[in-house]
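Take a look at the structure below.
Being a predicted model, the structure only gives us computed values, none of them experimental.
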Amino acid sequence: MRTQVAIIGSGPSGLLLSLMLAKAGIDAIIVERKSRDYVLSRIRAGVLERGSVGFFDSVGVSDRLHAEGYVHEGFALSFNGHKHRVDLQKYAGKTVTVYGQTEITRDMMDARLERGLTTIYEADDVAIHDFDTANPSVTYKKDGVAHTINCDFIAGCDGFHGVCRESLPAGSYETFERIYPFGWLGILSRTPPVDHELIYANHQDGFALCSMRSANLSRYYVQCPLTDTVNDWSDNRFWDTLRARLPAETAESLITGPSIEKSIAPLRSFVAEPLRFGRLFMAGDAAHIVPPTGAKGLNLATGDVYYLSQALIGYYVDKSEKALDTYSNKALARIWKAERFSWYLTNLMHTFPENGAFGRKMQLAELGYVFSSDAAVTSIAENYVGLPY
Ligand code: RFL
Ligand code: PHB
């Protein structure tokens, strides 16, 4: 088999890249190690920046997003028993859209099917070769049979646990990492959301987040120890913990019900740089992770893909390698700003026992300052809606 760009991974990064390339007449094949249903069963991001929505618009996959997604003009930070609203429209002149990663992933998969674009699901033993030469290739096994794809470029869109970063020669890249001493326990329940906007709660016992997927589907998270498993958390324990961390007024209106999904995610900040290795280009979670507090992971992935698609279009259509050469630095400049914001909001909103009573006072002083200063709240708002490309 031969293609122009072999894309490893059928998450949001790989799917969006393939659609952007197809629109420019560039041929790409996606190789994914899991099944379509498995990819669609992962419950992840919920908040899309305006820029991400624009990318989905540009490749014609956003009809359902606009029909079923919720435009949010603000969100709240709660502390000391009270909710304080960050007015995104007022302070940043932009909104965000609440629409699940699962749904946009499905929309992109359906669009690729309709457009006759090739995805190889359930590919075993995926390996990348010769990306430091002009003739890279990808090998995999499907139903026990070995296959090779020859290509011009490889896009490493295979997430944090993918094969692409693993295949890089030792010493060819540098990593930067912070592992936080807690995780997020998340549940999905068929209950109306407690509020029409998201609430990020700072509480001495730990962080909590009230989010949603639709009018009758809620997504809630609480900070939990990394040593916990979902078996430690009955639904009742989860609801009691959440209620205790919310302002009284909000807690009283919380409608609870059986969880339909429950999982624990560790929190991590991570960057592997550079993003280019000859003819291999890394994008999305394969190259960087943010803690979910700033809702930036998926949005960073779409940003990388935008820069990368422009660079590949420059190569094929304008016969220029200039944007391929600048891809890594350009994407990393934006990535590091989102890393900073996600780290900042994580530090501001979670309980860090090792920081003691002084650390807690600093958080409350900072939160008090944010809501007394137009400059400070503007900074949060403009980062939350997404920095410019
Ligand atoms: P993905 O989605 O991990 O997709 C990578 C794909 O590559 C496949 N793969 C391989 N394929 C072939 N061969 C191999 N050897 C392979 N190894 C892996 C995988 O099966 C998979 O299908 O990465 P991508 O595309 O870069 O997308 C990144 C986003 O998924 C991620 O950043 C977000 O989900 C992060 N995130 C959030 N982002 C937001 O923007 N807003 C949010 O509100 C938000 N909330 C979240 C989140 C992530 C969470 N978790 C659990 C990680 C909330 C949570 C709880
Ligand atoms: C979610 O709805 O899953 C969600 C929303 C906002 C975040 C993280 C996750 O910051």
- [ ] Considering non-hydrogen atoms only, spot the tightest contact between Ala376 and Tyr369 and give its length.
- [x] CB-CE2, 3.6 Å

- [ ] May I ask you to decide if Glu382's main-chain N or O and Lys94's side chain share a donor-acceptor pair within less than 3.5 Å?
- [x] no

TODO: Identify the heavy atoms of Thr250 and Leu246 that sit nearest to each other, and give their distance.
DONE: CG2-CD1, 4.2 Å

Open item on the list: For Ser379, is there any backbone N or O sitting under 3.5 Å from a side-chain donor or acceptor partner on Asn383?
Closed with: yes

Open item on the list: If we ignore hydrogens and angles and just use 3.5 Å, is the side chain of Glu49 paired with the main-chain N or O of Gly51 as donor and acceptor?
Closed with: no

Task: From His84 atom NE2 to Ser372 atom OG, the distance as rounded to the nearest 0.5 Å - done: 11.0 Å

- [ ] Measure from the ring center of Tyr70 to the ring center of Tyr99 and say whether it is less than 6.0 Å.
- [x] no

Task: side-chain hydrogen bond (donor to acceptor under 3.5 Å, both in side chains): pairs with one or both residues in residues 7-23, sequence neighbours excluded - done: Ser18-Arg112

Task: Arg237 NZ/CZ over Trp233 ring centroid, <6.0 Å and within 45° of normal - done: yes

Task: Shortest non-hydrogen contact from Ala331 toward Asp304 - done: CB-OD1, 4.0 Å

TODO: Could you please spell out the steps behind the side chain to side chain donor-acceptor pair (under 3.5 Å) verdict for Tyr38 and Arg36?
DONE: CA-CA 5 Å; Tyr38 180 92; Arg36 175 187 152 104; over 6 Å; no

Task: Residue list, side chain to side chain donor-acceptor pair (under 3.5 Å) with Gln310, at least two apart or on another chain - done: none

Open item on the list: One pair to check against side chain to side chain donor-acceptor pair (under 3.5 Å): Ser263 and Glu261. What are the steps and the verdict?
Closed with: CA-CA 7 Å; Ser263 52; Glu261 197 264 355; 3.1 Å; yes

Open item on the list: A cation-pi test, strictly: NZ or CZ of Lys361 under 6.0 Å from the centre of the six-membered ring of Phe358 and no more than 45 degrees from its axis. Yes or no?
Closed with: no

Open item on the list: By the salt bridge (charged side-chain N to carboxylate O under 4.0 Å, His left out) test, which pairs, at least two apart or in different chains, include something from residues 72-90?
Closed with: Lys83-Asp195, Arg85-Asp87, Arg85-Glu197

Task: Minimum-distance pair of heavy atoms, taken over all atoms of Gly297 and Val290 - done: N-CG2, 3.6 Å

Task: Any residue meeting salt bridge (charged side-chain N to carboxylate O under 4.0 Å, His left out) with Asp325, in chain and number order, not counting sequence neighbours - done: Arg276

Task: Sequence neighbours excluded - salt bridge (charged side-chain N to carboxylate O under 4.0 Å, His left out) pairs with any residue from residues 245-255 - done: none

- [ ] Count the heavy atoms belonging to other residues, nucleotides or ligands that lie under 6.0 Å from NE2 of His82, then report whether that count exceeds 12.
- [x] no

If you look only at distance, which donor and acceptor atoms sit under 3.5 Å apart when one is on a side chain in residues 177-185 and the other is two or more places apart or in another chain?
from: Glu177; atom 1: OE2; to: Arg268; atom 2: NH1; distance (Å): 2.6
from: Tyr180; atom 1: OH; to: Ser269; atom 2: OG; distance (Å): 2.6
from: Trp184; atom 1: NE1; to: His350; atom 2: NE2; distance (Å): 2.9

Open item on the list: So does Gly9 get a backbone contact from the side chain of Asp158, meaning a donor-acceptor N/O pair under 3.5 Å?
Closed with: no

Open item on the list: Please tell me whether Tyr306 and Phe55 form a close aromatic pair, meaning their ring centres lie under 6.0 Å apart.
Closed with: yes

TODO: Apply side chain to side chain donor-acceptor pair (under 3.5 Å) to the pair Thr139 and His129, showing each step before the final yes or no.
DONE: CA-CA 8 Å; Thr139 55; His129 312 275; 2.7 Å; yes

- [ ] Ignoring hydrogens and angles, tell me if any N or O in the side chain of Arg334 forms a donor-acceptor pair with the backbone of Leu387 under 3.5 Å.
- [x] yes

TODO: Flag the pair Phe131 / Phe153 as yes when their ring centroid distance falls below 6.0 Å, and as no otherwise.
DONE: no

Task: Ser189 side chain to Ser259 backbone, donor-acceptor under 3.5 Å - done: no

TODO: Grab the two heavy atoms, one from Val305 and one from Met20, that are nearest each other, plus how far apart they are.
DONE: CG1-SD, 3.9 Å

TODO: To the nearest 0.5 Å, tell me how far Arg44 CZ sits from Asp285 CG.
DONE: 6.5 Å

Open item on the list: Taking Val71's backbone N and O only, do any of them form a donor-acceptor pair with Thr95's side chain (distance below 3.5 Å, no angle check)?
Closed with: no

Task: Interatomic spacing from CE in Met109 to CG in Leu15 - rounded to 0.5 Å - done: 5.5 Å

Open item on the list: Tell me whether the NZ or CZ atom of Arg165 lies within the 45° cone about the ring axis of Phe160 and under 6.0 Å from its centre.
Closed with: yes

TODO: Specify the closest pair of heavy atoms between Asn135 and Asp130, including all atoms of both residues, with the distance to one decimal.
DONE: O-CB, 3.7 Å

